[in-house]
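We use all heavy atoms of the structure for the numbers below, so side chains are in, but hydrogens, waters and symmetry mates are not.
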Amino acid sequence: MHNSEYGPFAPKKEPILSHEPQYKMIKCRVNGLSVGKMVDVRASLTDFLRNDFSLTSVKKGCEVGECGACSVLIDGETFNSCIYLAIWADGKDIWTSEGLSLRDGSLSVIQEAFVDEAAVQCGFCTPGFIVAASQVISRGIEYSIDELRKELANNMCRCTGYENILLAVAKANAIENGFDLPKAHRVNRVNEENKKDYM
């Protein structure tokens, strides 16, 4: 039998919430601009960039670091921002797909190559691929298509067969670094031979 001293009807102590958010001030550079923000210590870099700066090219895909849709450059290296805490970005230089465009708003070489090669379908994975490809291109190394396939293996696309994406990266790498375009490379354009595929 319960009474007023013990049991479900007894007076209860005020519970202590152990999950109250804790915040920390971080200062970093986002797409070339110095920023300072208070962030929840549990927040991912994805949430930080999307919610605080409206950088929606950073996509929420798998949220376990497998698909690459949330890829960003941190100090020149590609990271999956969904498994990277925002507080770890303190003092870092972060770039998203939005920051890769030229100052006048025109597309960068890699972005233009994706357009030229029709290397998109739904477009969800595209910003992550562009960011990852930017790091590859920055190395100034000439890659074969097979080598590019390995370099971009951390990024997934559910719509395409990857071929146009690889051609776009190869094209951008050649243009940016002064390499010859692969002989087998063709910009995807409608012609008499493949016109029926577009009808």
Side-chain angles (χ1 to χ4, degrees), residues 20-117 119-120 122-141 143 148 151-157 165 168-169 171-178:
E20 289 182 357
Q22 297 177 1
Y23 292 88
K24 180 180 177 183
M25 169 63 83
I26 69 164
K27 293 179 180 179
C28 59
R29 288 175 65 80
V30 176
N31 291 335
L33 300 174
S34 296
V35 298
K37 279 272 186 184
M38 292 293 290
V39 297
D40 188 331
V41 296
R42 302 165 302 168
S44 69
L45 185 57
T46 302
D47 288 331
F48 175 64
L49 294 170
R50 287 180 63 86
N51 299 340
D52 292 346
F53 299 102
S54 298
L55 296 171
T56 54
S57 75
V58 184
K59 303 298 186 191
K60 282 190 166 191
C62 65
E63 296 196 71
V64 292
E66 294 288 335
C67 72
C70 65
S71 295
V72 297
L73 292 172
I74 302 175
D75 291 340
E77 189 176 346
T78 307
F79 283 90
N80 291 319
S81 63
C82 68
I83 56 172
Y84 193 98
L85 289 177
I87 57 171
W88 295 344
D90 193 27
K92 303 287 173 72
D93 189 27
I94 303 161
W95 290 85
T96 67
S97 184
E98 290 95 340
L100 300 179
S101 300
L102 304 182
R103 290 186 184 206
D104 63 1
S106 57
L107 299 178
S108 65
V109 171
I110 182 64
Q111 291 167 327
E112 188 63 48
F114 265 67
V115 173
D116 289 348
E117 294 299 321
V120 294
C122 80
F124 191 84
C125 69
T126 304
F129 267 107
I130 286 173
V131 165
S134 296
Q135 182 191 359
V136 172
I137 291 168
S138 71
R139 297 178 191 144
I141 299 171
Y143 293 99
L148 285 175
E151 291 294 327
L152 298 172
N154 290 333
N155 291 72
M156 296 172 61
C157 175
I165 292 171
V169 177
K171 177 181 182 180
N173 193 37
I175 292 169
E176 194 73 36
N177 294 304

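A search for side-chain contact (heavy atoms from CB on, under 4.5 Å) contacts involving T96 returns N31, L49, L55, S57, V58, V72, E98, not counting sequence neighbours. Under the side chain to side chain donor-acceptor pair (under 3.5 Å) criterion, S101 pairs with Q111, sequence neighbours left out. For S34, the side chain to side chain donor-acceptor pair (under 3.5 Å) partners at least two apart in sequence or on another chain are R29. Contacts of A43 classified as side-chain contact (heavy atoms from CB on, under 4.5 Å), with partners at least two apart in sequence or in another chain: D40. Partners of D90 by salt bridge (charged side-chain N to carboxylate O under 4.0 Å, His left out), not counting sequence neighbours: none found. With sequence neighbours excluded, the residues forming a side-chain contact (heavy atoms from CB on, under 4.5 Å) with M38 are Y23, M25, listed by chain and number. Shown here are the side-chain contact (heavy atoms from CB on, under 4.5 Å) partners of I141, two or more places apart in sequence or in another chain: R139, Y143. Applying the side chain to side chain donor-acceptor pair (under 3.5 Å) test to K60 and every residue at least two apart in sequence or in another chain returns D47. Applying the side chain to side chain donor-acceptor pair (under 3.5 Å) criterion to N173, with sequence neighbours excluded, gives N177.
Residues C82 and T46 share a closest heavy-atom pair of N-OG1, 3.0 Å. Here the closest heavy-atom approach between residue L152 and residue A132 is recorded as CD2-CB, 4.0 Å. Counting all heavy atoms, side chain and backbone alike, K171 lies closest to E117 at CD-OE2, 3.7 Å. The shortest heavy-atom contact between I110 and A168 is CD1-O, 4.3 Å. Between P127 and G123, the shortest heavy-atom contact is CD-O, 3.4 Å. When all heavy atoms are compared, the tightest approach of L148 to V169 is CD2-CG1, 3.8 Å.
Sorted by first and then second residue, the ring pair (Phe, Tyr, Trp, His ring centres under 6.0 Å) pairs with a member in residues 56-83 read F79-Y84; sequence neighbours excluded. Applying the ring pair (Phe, Tyr, Trp, His ring centres under 6.0 Å) definition to pairs two or more places apart or across chains, those involving residues 53-78 are F48-F53.
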* **Steps toward side-chain contact (heavy atoms from CB on, under 4.5 Å) verdict (V35, C28)** => CA-CA 6 Å; V35 298; C28 59; 3.7 Å; yes
* Determine, stepwise, if the pair L102 / L107 fulfils side-chain contact (heavy atoms from CB on, under 4.5 Å). => CA-CA 6 Å; L102 304 182; L107 299 178; over 6 Å; no
* After noting the C-alpha distance and the side-chain angles of I74 and W95, does the key distance pass the side-chain contact (heavy atoms from CB on, under 4.5 Å) rule? -> CA-CA 7 Å; I74 302 175; W95 290 85; over 6 Å; no
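The backbone N or O of D93 sits less than 3.5 Å from a side-chain atom of D75, completing a donor-acceptor pair. In this structure, D104 contributes its side chain and S106 its backbone to a donor-acceptor pair below 3.5 Å.
Atoms CD and CD1, on Q135 and I130 in that order, are 15.0 Å from each other to the nearest 0.5 Å. A distance of 8.5 Å separates CZ in R42 from CD in Q22, rounded to the nearest 0.5 Å. Put simply, CG on D52 and NZ on K37 are 4.5 Å apart, with the number rounded to the nearest 0.5 Å. Between I87 atom CD1 and S44 atom OG the span is 11.5 Å, to the nearest 0.5 Å. How far CD1 of I94 is from CG of L45: 5.0 Å, rounded to the nearest 0.5 Å. To the nearest 0.5 Å, atoms CG (N154) and OG (S71) are separated by 8.0 Å.
L100 has its side chain within reach of V131: a pair of non-hydrogen atoms, C-beta onward, lies under 4.5 Å apart.
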